[in-house]
Amino acid sequence: MRKYYFTITSILFIVFGLSSCSNEDAKTQNQVASRPSVPITNSEVQIGIQIWMAKNLNVSRYRNGDIIPQVNNQTQWQTMTTGAWRYYEDVTANGLVYGKLYNWYAVSDPRGLAPQGWHIPSVTEWITLSTFLGGDAMAGGKMKATTLWNSPNLGASNISGFTGFPGGYFQGITFAYRGDFGFWWSTSAYNSSSAYNYCLGAAEESAFFTNNGKYFGCSARCIKN
């Protein structure tokens, strides 16, 4: 699991397309960042200018109604280049808490993994979220739920309302890290065989990017169009 930290300078460049900000711009950004998150419904939360689902995706069909297969066979899972899902440890009850674990092929399928009006976030959209919450160094604590994480659940306040749970992942052979890490897909590929996740950890107040194989099973969270 390789971590990728983005500096505030690079974040501002990617998100705003600017190399510098005026004092007035900086003042405005500080004012925006100080505003609390606004609950929209029980399953949505506004964080800055974005509206996020407040729970992980747990659907078994694409937006057009086509079925996403549940694949519990490890050999089959590792060789797939089309969408699939499974529950952590193949226990249905885990899905009620953590949602489904999807491979990246489900995330990137043109039929749409997210419901109508929503989509899976890109790296840039994850960066926008992190920037609003003060940057990667402190965003993790503001995004983590205060329950289900293993000790020390450093800095966890869930002040953002994101309610990030430690759903772990399926790495093609074994399940790992439930209680210690949460991994959420982005639509952004790292290379031909891997893609970016946004990650929260029990022992870290920070949030960070990783890249994992496209065949990994990770959580999915939706952002409103």
Side-chain angles (χ1 to χ4, degrees), residues 1-4 43 52-116 118-123 126 144-145 147-150 163-202 207-223:
M1 183 177 67
R2 184 180 302 169
K3 300 179 183 179
Y4 294 89
S43 60
W52 290 81
M53 284 190 179
K55 58 184 180 181
N56 293 343
L57 204 57
N58 191 25
V59 298
S60 57
R61 291 178 180 268
Y62 292 111
R63 190 181 305 148
N64 70 348
D66 290 350
I67 292 174
I68 309 167
Q70 180 180 8
V71 178
N72 294 341
N73 180 280
Q74 293 181 0
T75 301
Q76 182 183 0
W77 180 283
Q78 291 178 57
T79 59
M80 291 188 71
T81 56
T82 55
W85 66 269
R86 64 192 307 175
Y87 293 121
Y88 192 93
E89 295 179 338
D90 300 321
V91 176
T92 302
N94 285 332
L96 299 177
V97 179
Y98 303 104
K100 291 179 170 62
L101 300 178
Y102 299 92
N103 64 15
W104 190 78
Y105 302 106
V107 169
S108 61
D109 193 288
R111 289 171 287 183
L113 180 62
Q116 188 67 37
W118 298 82
H119 61 276
I120 306 300
S122 66
V123 160
W126 282 113
K144 288 191 294 182
T147 59
L148 297 181
W149 289 87
N150 292 336
T163 314
F165 286 136
Y169 64 22
F170 178 64
Q171 57 185 7
I173 300 175
T174 59
F175 297 91
Y177 294 127
R178 188 183 64 173
D180 292 314
F181 288 96
F183 300 85
W184 289 270
W185 281 121
S186 79
T187 55
S188 305
Y190 175 72
N191 57 29
S192 61
S193 61
S194 63
Y196 284 108
N197 299 128
Y198 202 57
C199 184
L200 307 175
F208 53 90
F209 285 96
T210 69
N211 74 79
N212 285 312
K214 293 178 179 179
Y215 63 88
F216 274 43
C218 299
S219 301
R221 187 70 69 98
C222 298
I223 184 172

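Between Phe175 and Tyr88, the ring planes are tilted. Angles from 30° to 60° get that label. Phe181 and Phe208 have perpendicular rings, their planes meeting at more than 60° on a 0 to 90° scale where under 30° would count as parallel.
Annotation for Gly83 and Tyr62: closest pair CA-OH, 3.4 Å, computed over non-hydrogen atoms. Shortest non-hydrogen contact noted between Ser188 and Val123 is OG-N, 3.0 Å.
No donor-acceptor pair closer than 3.5 Å links the side chain of Trp118 to the backbone N or O of Arg221. The main-chain N or O of Gly201 is found under 3.5 Å from a side-chain atom of Lys144 such that the two form a donor-acceptor pair. Checking side-chain atoms of Arg63 against main-chain N and O of Ala114 turns up a donor-acceptor pair under 3.5 Å. Of the possible donor and acceptor atoms, one in the side chain of Tyr102 sits under 3.5 Å from a partner among the backbone N and O of Val59. Panel note: side chain Lys100, backbone Tyr87; no donor-acceptor pair is recorded below 3.5 Å. At distances below 3.5 Å, at least one donor-acceptor pair connects side-chain atoms of Asn103 with backbone N or O atoms of Thr82.
Leu113 is not listed as a side-chain neighbour of Trp185, based on a closest heavy-atom distance of 4.5 Å or more.
Within 6.0 Å of CG on Leu96 lie more than 12 heavy atoms contributed by other residues, nucleotides or ligands. Lys214 NZ: more than 12 foreign heavy atoms inside a 6.0 Å radius.
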Gln78 vs Thr75, side-chain hydrogen bond (donor to acceptor under 3.5 Å, both in side chains): CA-CA, chis, key distance, verdict: CA-CA 5 Å; Gln78 291 178 57; Thr75 301; 5.5 Å; no

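Partners of Trp184 by side-chain hydrogen bond (donor to acceptor under 3.5 Å, both in side chains), not counting sequence neighbours, listed by chain and number: Asn56. Asn72 meets the side-chain hydrogen bond (donor to acceptor under 3.5 Å, both in side chains) test with no other residue; sequence neighbours excluded.
When each of Phe216, Trp77, Phe183 is paired with Phe170, the ring pair (Phe, Tyr, Trp, His ring centres under 6.0 Å) condition holds for Trp77 and for no other.
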